[in-house]
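Here is the structure we will look at, set down as structure tokens.
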Amino acid sequence: RHTLSQERLRAAPCTTKDGTRISLMADCASVEDVRTAVEAGADGVGLLLSEYLLLAGRVNGEEEQYGFYAACLAAAQGRPVTICTFDVAPDKTGTEFPREEEANPAMGLCGVRYCLAHPDFFETQLRALLRAGLAGNLRILLPMVSTRDEFEHALDAVYRAKCALRERGVPFNENTPFGVMLSIPAACLTVEDFVAHGCDFLVIGTNDLTQYTHAADRELASAEHYYRPASPAMKKLITMVMDAASAHHVPVTICGLAVGNPANTAQYLHLGLRSFSVSPQNLLKVKRALLDTDAHPDAGENG
């Protein structure tokens with residue numbers, strides 16, 4: 001099967017050697033990325049980073065945001081698109097973006113923490129996203145959630161955004177699913193709190209989760225040896241997530257740079273993952289590897 005041509009590989013369903021169907025999606029940041037992913041045969045967009053709208057150093061208004069999200073959904077041609085709310089971090093926004101000075105920003109007001117501290121900023125984005133939910137198959141992801149309280153406060157903001165749209169008579173998708181991005185070990189250790197209390201789906205973000213688990217900056221060459229996305233510690237955290245999600249029938253996707261490495265992908269597959277999101281450039285490489293891998297490697301030995 002690994003000899004499939006590029007064209008046939010794009011068109012082929014992503015099924016493991018022992019017949020397990022895999023959802024292989026793409027990590028994207030722009031409309032162009034979504035188009036590239038669709039052309040490469042992606043099943044959808046597993047993670048779309050909305051920070052693209054902040055890189056100019058200014059915050060786009062509700063209408064501009066709505067236009068961007070609707071365009072991304074249209075480019076996906078009906079495939080599912082998971083859009084992450086703003087993860088305001090120094091490496092993801094323009095230098096002019098307004099934020100407080102922090103000695104160690106990676107440990108400060110990142111992700112949903114920043115959004116909860118700036119409710120007007122957050123609710124503008126939520127209104128735009130909820131409206132865009134009528135334009136395609138949208139899921140909304142909350143980044144860097146660490147506690148059930150944060151998740152519930154975020155859902156309160158969603159409620160307020162919905163109320164504001166109703167008051168304006170603006171149509172939106174009432175049933176847009178909301179999920180949690182697992183970027184912090186604390187969230188994995190207490191994942192039961194999310195799946196038992198209204199979380200519709202989970203996304204394991206290997207970039208940040210590895211960094212926070214091993215206290216190793218992935219951008220720092222001197223810490224490269226310590227940055228291990230398939231380490232025993234990471235596998236233990238992922239197993240906890242999969243057990244809780246399975247018990248509550250909550251879907252899980254894993255994303256990030258590490259998933260673009262077929263060796264890591266195989267290990268995640270054997271931990272029970274069936275939904276992967278990789279960069280569009282790595283999609284066919286990972287797909288080819290999954291076609292040649294057993295989802296249940298022990299089954300053949302026992303049979």
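Each residue takes its place number in the sequence, starting with 1. Atoms considered below: every heavy atom in the structure, side chains included; atoms not considered: hydrogens, waters and symmetry mates.
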Would you list the atom pairs, donor with acceptor, under 3.5 Å between side chains in residues 124-134 and any protein atom, with sequence neighbours excluded?
residue : atom : partner : partner atom : Å
T124    : OG1  : D120    : O            : 2.8
T124    : OG1  : R127    : NH2          : 3.3
Q125    : OE1  : F86     : N            : 3.0
Q125    : NE2  : S50     : OG           : 3.0
Q125    : NE2  : Y69     : OH           : 3.0
R127    : NE   : E62     : OE1          : 2.8
R127    : NH2  : E62     : OE1          : 3.4
R131    : NH1  : E62     : OE2          : 2.8
R131    : NH1  : E63     : OE2          : 2.9
R131    : NH2  : E63     : OE1          : 3.3
R131    : NH2  : E63     : OE2          : 3.4

Testing T265, I238, V259 one by one against L273 for a side-chain contact (heavy atoms from CB on, under 4.5 Å), which residue passes?
I238
If you define the side chain from C-beta out and look only at heavy atoms, does anything of R10 sit under 4.5 Å from E7?
yes
Report, one line per pair, each donor and acceptor closer than 3.5 Å where one atom sits in a side chain of residues 239-258; sequence neighbours left out.
residue : atom : partner : partner atom : Å
T239    : OG1  : K235    : O            : 2.8
H248    : NE2  : E192    : OE2          : 2.6
T253    : OG1  : S275    : OG           : 2.8

Side chain proximity check, T20 to L269, heavy atoms < 4.5 angstrom
no
Is the closest side-chain heavy-atom distance between Q6 and L284 below 4.5 Å?
yes
Determine whether V112 and F151 make a side-chain contact, defined as any pair of heavy atoms from C-beta on separated by less than 4.5 Å.
no
Suppose the criterion is salt bridge (charged side-chain N to carboxylate O under 4.0 Å, His left out): which pairs have a residue in residues 38-49, not counting sequence neighbours?
R21-D43
Is it true that atom NZ of K162 has more than 12 heavy atoms of other residues, nucleotides or ligands lying nearer than 6.0 Å?
yes
Apply salt bridge (Lys or Arg N to Asp or Glu O under 4.0 Å) to R228 and list each qualifying residue two or more places apart in sequence or on a separate chain.
none
Sequence neighbours excluded, which residues qualify as side-chain hydrogen bond (donor to acceptor under 3.5 Å, both in side chains) partners of H197?
R148
What is the ring orientation for H118 with Y114, classed by angle as parallel under 30°, tilted 30 to 60°, or perpendicular over 60°?
parallel
Those residues that, when tested against F68, pass ring-ring contact (aromatic ring centres under 6.0 Å, His included) (two or more places apart)
Y52
For S279, which residues count as a side-chain hydrogen bond (donor to acceptor under 3.5 Å, both in side chains) partner, sequence neighbours excluded?
N282
Please, which pairs that meet salt bridge (charged side-chain N to carboxylate O under 4.0 Å, His left out) have at least one residue in residues 75-85, sequence neighbours excluded?
none
What residues form a side-chain hydrogen bond (donor to acceptor under 3.5 Å, both in side chains) with S146, not counting sequence neighbours?
E150
For Q77, the side-chain hydrogen bond (donor to acceptor under 3.5 Å, both in side chains) test, sequence neighbours excluded, returns none
With sequence neighbours excluded, residues passing salt bridge (Lys or Arg N to Asp or Glu O under 4.0 Å) with E174
R166
Do D149 and T147 get their side chains close enough for a donor-acceptor pair, meaning under 3.5 Å?
no
Does any N or O in the side chain of D18 come within less than 3.5 Å of the main-chain N or O of A295, such that one atom is a donor and the other an acceptor?
yes
So which pairs with a foot in residues 257-284 pass salt bridge (charged side-chain N to carboxylate O under 4.0 Å, His left out), sequence neighbours left out?
none
